[in-house]
Amino acid sequence: MIQPLQYISQAPKTGTHIDAIEQVLRAGGKWIQLRIKNQAEAEILPFAKAAQALCESYGAKLIINDYPHLAKAVNSYGVHLGLQDMPIPEARKIIGKHQIIGGTANTFAHIQQRVAEGADYIGLGPFRFTRTKENLSPIVGLEGYQKLMEQVKKVGISTPIIAIGGIEAEDIPAILETGIYGIAISAALTNQTQTAAVLEEISSKFNIHSI
């Protein structure tokens, strides 16, 4: 089951990715992606272990961004790979069949590529400009999601597609109306003093009360 609401970690103003993840888990988050960029795998491993332990204790699922070997090492729920990362078929050989693989897409051709590669879900974006991502792909925007999801429906693609990139709570209803499967958020939940209330507001956009 791919959760329709996902949190992608970022370091808060004070603390680490683990602090931010724990805050979201305490608030009721059920799908966490550990996304630490520009560090060696050996430096990320302790964070991956800590994040996996936290997710297990809260009954949540952990996805490791970029690093299939780390995902295998900590037995996370899966791994997410960008367009410039390891190809999905190669990652599948590393992690096997029991872990899932998500893949980033920016265009319809990318979506078709990810489906052909066997991605379990697709992160489609960015919705708008975001400082959390370097080498930002062209902005998709609401109109882009509408056109892309029309193409997806026309060819019968059923792989869950998650909107990502600078999404705020007020953006969610209109994005979901395009037929998109779910939403990934980062800054909208990081550095919040009332994380549970913010998460409940976001969850209410899906007509659900937890993610």
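Model, not experiment: these values are computed from the prediction.
With hydrogens and angles left out, the side-chain atoms of Tyr181 and Thr159 include no donor and acceptor closer than 3.5 Å. Residues Gln23 and Thr195 have side chains that bring a donor and an acceptor to within less than 3.5 angstrom of each other. There is no side-chain donor-acceptor pair under 3.5 Å between Gln3 and Trp31.
Atom CG of Asn106 is separated from atom CD1 of Ile139 by 8.5 Å, given to the nearest 0.5 angstrom. Separating the CD1 atom in Ile44 from the NE2 atom in His69 is a distance of 13.0 Å, to the nearest 0.5 Å. Taken from OH in Tyr77 to CD1 in Ile63, the straight-line distance is 7.5 Å, to the nearest 0.5 Å. For the atom pair CZ of Arg26 and CD1 of Ile21, the computed distance is 12.5 Å after rounding to the nearest 0.5 Å. To the nearest 0.5 angstrom, Phe108 atom CZ is 14.5 Å from Lys147 atom NZ. From Leu176, atom CG reaches atom NZ of Lys205 across 10.5 Å, with rounding to the nearest 0.5 Å.
No donor-acceptor distance shorter than 3.5 angstrom exists from the side chain of Lys61 to the backbone of Glu56, with no hydrogens or angles considered. With hydrogens and angles ignored, the 3.5 Å screen pairs a side-chain donor or acceptor of Tyr145 with a backbone N or O of Leu124. A donor-acceptor distance shorter than 3.5 angstrom exists from the side chain of Asn191 to the backbone of Lys13, with no hydrogens or angles considered. Within the 3.5 Å criterion, the main-chain N or O of Glu200 finds no donor-acceptor partner in the side chain of Ser203. The backbone N or O of Asn65 lies less than 3.5 Å from no partner atom in the side chain of Arg35, so there is not a single donor-acceptor pair. Listed for the Arg114 side chain is no donor-acceptor partner under 3.5 Å among the backbone atoms of Gly118. Under the 3.5 Å distance criterion, the side-chain polar atoms of Asp171 are matched with a main-chain donor or acceptor of Glu168.
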Criterion salt bridge (charged side-chain N to carboxylate O under 4.0 Å, His left out) on Lys37 and Asp66, from CA distance to verdict = CA-CA 9 Å; Lys37 308 298 286 186; Asp66 286 359; 2.6 Å; yes

Output, in order, the C-alpha distance, side-chain angles, deciding distance and verdict of side-chain hydrogen bond (donor to acceptor under 3.5 Å, both in side chains) for Glu150 and Gln146.
-> CA-CA 6 Å; Glu150 284 174 7; Gln146 290 167 340; over 6 Å; no

Report the C-alpha distance between Tyr121 and Ile161 in whole Å, list the side-chain angles of each, state the deciding distance to 0.1 Å, and finish with yes or no for side chain to side chain contact (heavy atoms under 4.5 Å, CB included).
-> CA-CA 6 Å; Tyr121 73 93; Ile161 297 178; over 6 Å; no

CA sep, side-chain torsions, deciding dist, call: Ile111, Ile157, side chain to side chain contact (heavy atoms under 4.5 Å, CB included) = CA-CA 9 Å; Ile111 293 172; Ile157 290 173; 3.9 Å; yes

Assess whether side chain to side chain contact (heavy atoms under 4.5 Å, CB included) is satisfied between Ile185 and Gln6, documenting all intermediate values.
-> CA-CA 6 Å; Ile185 52 177; Gln6 306 180 3; over 6 Å; no

Side chain to side chain contact (heavy atoms under 4.5 Å, CB included) between Leu189 and Ile202, worked out | CA-CA 9 Å; Leu189 266 182; Ile202 291 171; 4.3 Å; yes

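No chain of hydrophobic side-chain contacts below 4.5 Å, direct or via other Ile, Leu, Val, Met, Phe, Trp or Tyr residues, connects Ile101 to Val115. Residue Val198 is grouped with residue Ile167 when hydrophobic side chains (ILVMFWY) are merged at heavy-atom distances under 4.5 angstrom, including chains of intermediate members. Put simply, Ile32 and Leu54 are part of the same group of oily side chains (I, L, V, M, F, W, Y) that touch within less than 4.5 Å, one to the next. Ile122 and Val79 end up in different hydrophobic clusters when Ile, Leu, Val, Met, Phe, Trp and Tyr side chains are linked at under 4.5 Å. Leu34 and Ile95 are members of different hydrophobic clusters when ILVMFWY side chains are connected at heavy-atom separations under 4.5 Å.
Scanning both residues, Glu201 and Ala169, for their nearest heavy atoms gives OE2-CB, 3.9 Å. Contact detail for Ile162 and Ile183: the closest heavy-atom pair is CG2-C, 3.6 Å. For the residue pair Ile2 and Pro160, the shortest heavy atom distance occurs at CG1-CG, 4.0 Å. Gly179 and Met149 make their closest contact through O-CE, 3.4 Å (heavy atoms, listed as atom of the first residue, atom of the second, distance). The minimum heavy-atom distance between Ala60 and Gly29, with the atom names listed, is CB-O, 3.9 Å. In this structure, Gln99 and Gly78 approach most closely via the heavy-atom pair CB-CA, 4.2 Å.
The residues Arg92 and Asp120 are annotated as salt-bridged, a charged nitrogen and a carboxylate oxygen being separated by less than 4.0 angstrom.
Membership of the apolar cluster around Ile8 extends to Ile164, as traced through chained side-chain contacts below 4.5 Å between ILVMFWY residues.
Side-chain atoms of Thr104 and Gln84, non-hydrogen and from C-beta on, never get closer than 4.5 Å to each other. Between Ser186 and Ser9, the closest side-chain pair of non-hydrogen atoms is not below 4.5 Å. With contacts defined as side-chain heavy-atom distances shorter than 4.5 Å, the pair Asp19/Thr14 does not qualify. Here the side chains of Val74 and Leu45 are in contact, with some heavy-atom distance below 4.5 Å.
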